[in-house]
Amino acid sequence: MSDHLLEIEDLVLDVVSRSDSGQAGPAQPSAVGEHGLDASSWKVLCDLGLVSLALPESLGGSGGGLREAAAVVRAGALLPMPLADAAMLAAPLLAAGSLPWPGGVVTATIAGVELDVRVEGEHLCLSGPLRRVPWLRDSDHVVVSVAGEAGTGGLVAVLASPASDDLEQGRNLAGEPRDTWHLEAVRATAWAPAPDLGPDEVRRLAGLARASQIAGAASAVLSRTLDYTRERIQFGRPLAALQAVQQRTALVAGEVTRARVVTDAAAAALDAEDSRAALLCAVAACEASSSVREVAAAGHQLHGAMGWTTEYPLGRATTRLWSWRDEYGDETAWAQVVAETVAAGPDVWTVITGSDEPEQEGRAT
Amino acid sequence: MSIAPTRLAAAGAEEGSLRELRLEVRSFLEAQRRAGAFVPAVDGWQSGIDPEFSRALGGRGLVGMTVPVEYGGHGRTQAERYVVLEELLASGAPVAAHWVADRQMAPAILKHGTPAQRERLLPGIAAGERLFAIGMSEPDAGSDLASIRTRARREGGGWRLRGTKVWTSGAHRATNALVLARTADSETRHAGLSQFVVDLPHPDIHVKPLHTIDGGSHFNEVVLDDAWIPEAALLGQEGAGWAQVTAELAYERSGPERLLTTMPLLRAWDAARRREATSLGPRDAIGPVVSRVIALREMSRAVAEVIQDGGDPAVAAAMVKDSGTLFEQHLVDEVRRAVDAELDPDAAGLTGLLAQAVLRAPAFTLRGGANEVLRSIIVKGLR
Ligand SMILES: Cc1cc2nc3c(=O)[nH]c(=O)nc-3n(C[C@H](O)[C@H](O)[C@H](O)COP(=O)(O)OP(=O)(O)OC[C@H]3O[C@@H](n4cnc5c(N)ncnc54)[C@H](O)[C@@H]3O)c2cc1C
């Protein structure tokens, strides 16, 4: 089981190492646009079928699961593109609405309550803002999740991206585009009800997407820190030979491993429709976000002044970590979901072990 | 790739049969608690020595679970054993009498023991009747274990042991001790060490309890005063002690007891919060703690899977133990901050458990190897 995940990761890491955007090169948060979407790597990943893994083949996807998609997202975390938004949000949204993969560069977003949605005959017509959509200016399509009225499922709409003049450009700490689009009676190119996807389910997918990105970028910080501290000589020996440096690096390794395993566990639980999936997603998001402080702080500390410059690519990872930990809920918000799950369960240990299975439902049918 | 040991895969959902076993053990323990067989405590796996309780667990097939049936065990899987360990730990039951024997002696004897040693020792271990003490540390050899001075000399068809061990948990109640001793001088420090299974009590082995700040006496000074032991006491190969010890430490470090030591405290806090909301902290304070333990548990389960599949768990196990034991301490502090009470070790219920946890917490990051030493192992493994 684990071997095929490692294979997927290695496949993506290979793409990353061959692109000049995901690995090396300066991070330039101040120069958005100059350092835009890596279109060639996007195409390579699409051709390998790695972006639409979580969509059935009948809909133009590659028929894998979220667990495989999360592996792709971890390994490709630093590629400048809406990989997580496409692979872990757009694909499952489309799958829920049985809609085909729209092709091109695909991003995804969750509509706020201000978005007005009307069904006009066969068409779906949207008005109002879509706020801070990842990479919207560089995308061909945006997949939008619209929450239903209380108690009903939502719907999924696919929109062709607007001309960049219609966008209010924004960015996050890493300079990744986060663009706002004020729609005026825009027709969806495709849409469908998604009765099984409530707002909580969608938010969970989005939270897990960011958590998986964090796990990947944190792992890149660890790798880089190990390399740097072995190469940099001070006091006549590599920094990595110093006890204090080793201690801090080992703590980072613990954080990285925890974030990785728990995001993998959550994705596997979603695929298996395990009763613990909702809780594990909240835990994954909480743990990934809370790992960021130490991972980024230690990474910078152990790189010295060099790490703080745009000459050196550490900042490409840490600025992303600092952005992603807050997107779709920070660790406090997700910890609250965990607390609510505990309160709703019979006792804390039953919740932790997920051993409160409802009675088998077979008999009623 | 240098970060390979961090690339663990999650273990996935628990199968139905494991869940049934879990619930069965849980209700048995709950019934025992109600019947007054034990009072839940923090650190029951090291502080709670109760031979009668261990024998009762042995009688139910909950000790020596993975030991083959021919040696009195139950031939069950590692996954089944893991589930049982978790329930024992979370219940706060006194399981220290058989814990070490079950955890590291059974696999060590299966791997290195002679047929005669297996037949002599394993049935008692599986019955929950053998209490093993581990004699590694010495006054001048703690983290630097290879510098031990205890010697074993060949004499009269057996061995004579001379030296002093310290921090030997449970030696005052033990039926056996596993003693690490130097059997040859050698160029390399790690060569020339051997392991011996010693029967206790022994006329020339003097066990002196050491008193700890939690009011207990868990560990001892053990003086080996030219104690003679038969040839059959040698475990495994003469001179191969270091490799054997290292393999044992991986078992010792990777189990669920390295993150669930304070689980009884979390459960008591949770139960108290359900009864009365006031003075037990903010409503959501439990969220980050539960999130962390669920994540660490997934890490520990992932390592258990590596062991099951025959992989090398040493680095990942050190990572789980470092993160897990830090969490065990962190949990105590979180509950302390939430609970508005002065701590009295004689108090009943939540505050009593909390007092116990505060006093025992320093040991969590020392036993089984100080966390700083584990971190050196981790970083070396990432090379
Ligand atoms: C409750 C308890 C039960 C125990 N039971 C047993 C038992 O049954 N059998 C047994 O043999 N032993 C037992 N021990 C001993 C245990 O294995 C040792 O305490 C442990 O290995 C550390 O050794 P030490 O206490 O001598 O500390 P020292 O080695 O003196 O180290 C003290 C501190 O120095 C720091 N340090 C030391 N070396 C390094 C390094 N290389 N890098 C960075 N920092 C370092 C660490 O912070 C360490 O905690 C037990 C200990 C405890 C607390």
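Within every chain, numbering begins at 1; the chains are lettered A, B, ... in the order of the sequence lines, protein sequences first and strands thereafter.
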At their closest point, which heavy atom of A:E287 faces which heavy atom of B:S291, and how far apart are they? OE2-OG, 2.7 Å

Nearest heavy atoms of A:W349 and B:E86, plus distance in Å: CZ2-O, 3.6 Å

Hey, are B:R375 and A:T249 close enough side-chain-wise for a donor-acceptor pair under 3.5 Å? no

Look at A:R248, A:Q246, A:R260 and state which one has the largest set of heavy-atom pairs under 4.5 Å with chain B. A:R260

Top contributor to chain B interface from A:G254, A:A269, A:A282 [non-hydrogen pairs under 4.5 Å]: A:G254

Chain B contact via [X] - side chain, backbone, both or neither, heavy atoms under 4.5 Å:
X: A:T350; result: both
X: A:T353; result: both
X: A:A343; result: backbone
X: A:Q243; result: side chain
X: A:R258; result: both
X: A:S219; result: both
X: A:A253; result: both

Measuring from atom [atom1] of [X] to atom [atom2] of [Y], what distance do you get when rounded to the nearest 0.5 angstrom?
X: B:R283; Y: A:Q336; atom1: CZ; atom2: CD; answer: 6.5 Å
X: A:S223; Y: B:L382; atom1: OG; atom2: CG; answer: 9.0 Å
X: A:S355; Y: B:R26; atom1: OG; atom2: CZ; answer: 3.5 Å

Full working for salt bridge (Lys or Arg N to Asp or Glu O under 4.0 Å) between A:D347 and B:R273: CA-CA 10 Å; A:D347 70 90; B:R273 282 157 55 91; over 6 Å; no

As an exercise: rank [options] by heavy-atom pairs under 4.5 Å with chain A and give me the winner.
options: B:V289, B:I378, B:D270; result: B:D270
options: B:A271, B:A285, B:A318, B:S376; result: B:S376
options: B:P288, B:A11, B:G12; result: B:P288

Between [X] and chain A, with a heavy-atom cut-off of 4.5 Å, which part of the residue counts as in contact: side chain, backbone, both or neither?
X: B:R22; value: side chain
X: B:L23; value: side chain
X: B:L260; value: side chain
X: B:I377; value: neither

Considering only heavy atoms, give the residues of residues 294-308 of chain B separated from chain A by less than 4.5 Å, sorted numerically, with 'none' for an empty result. B:I294, B:A295, B:L296, B:R297, B:E298, B:M299, B:R301, B:A302

Within the side chain of A:Q247, is there an N or O that forms a donor-acceptor pair under 3.5 Å with the backbone of B:E372? yes

Is there a side-chain contact between A:V262 and B:R292 (heavy atoms, below 4.5 Å)? no

Kindly indicate whether the side chain of A:V338, heavy atoms from C-beta on, has any atom under 4.5 Å from the side chain of B:I286. no

Determine, for B:R7 against A:D264, whether the closest basic-nitrogen to carboxylate-oxygen distance falls under 4.0 angstrom. no

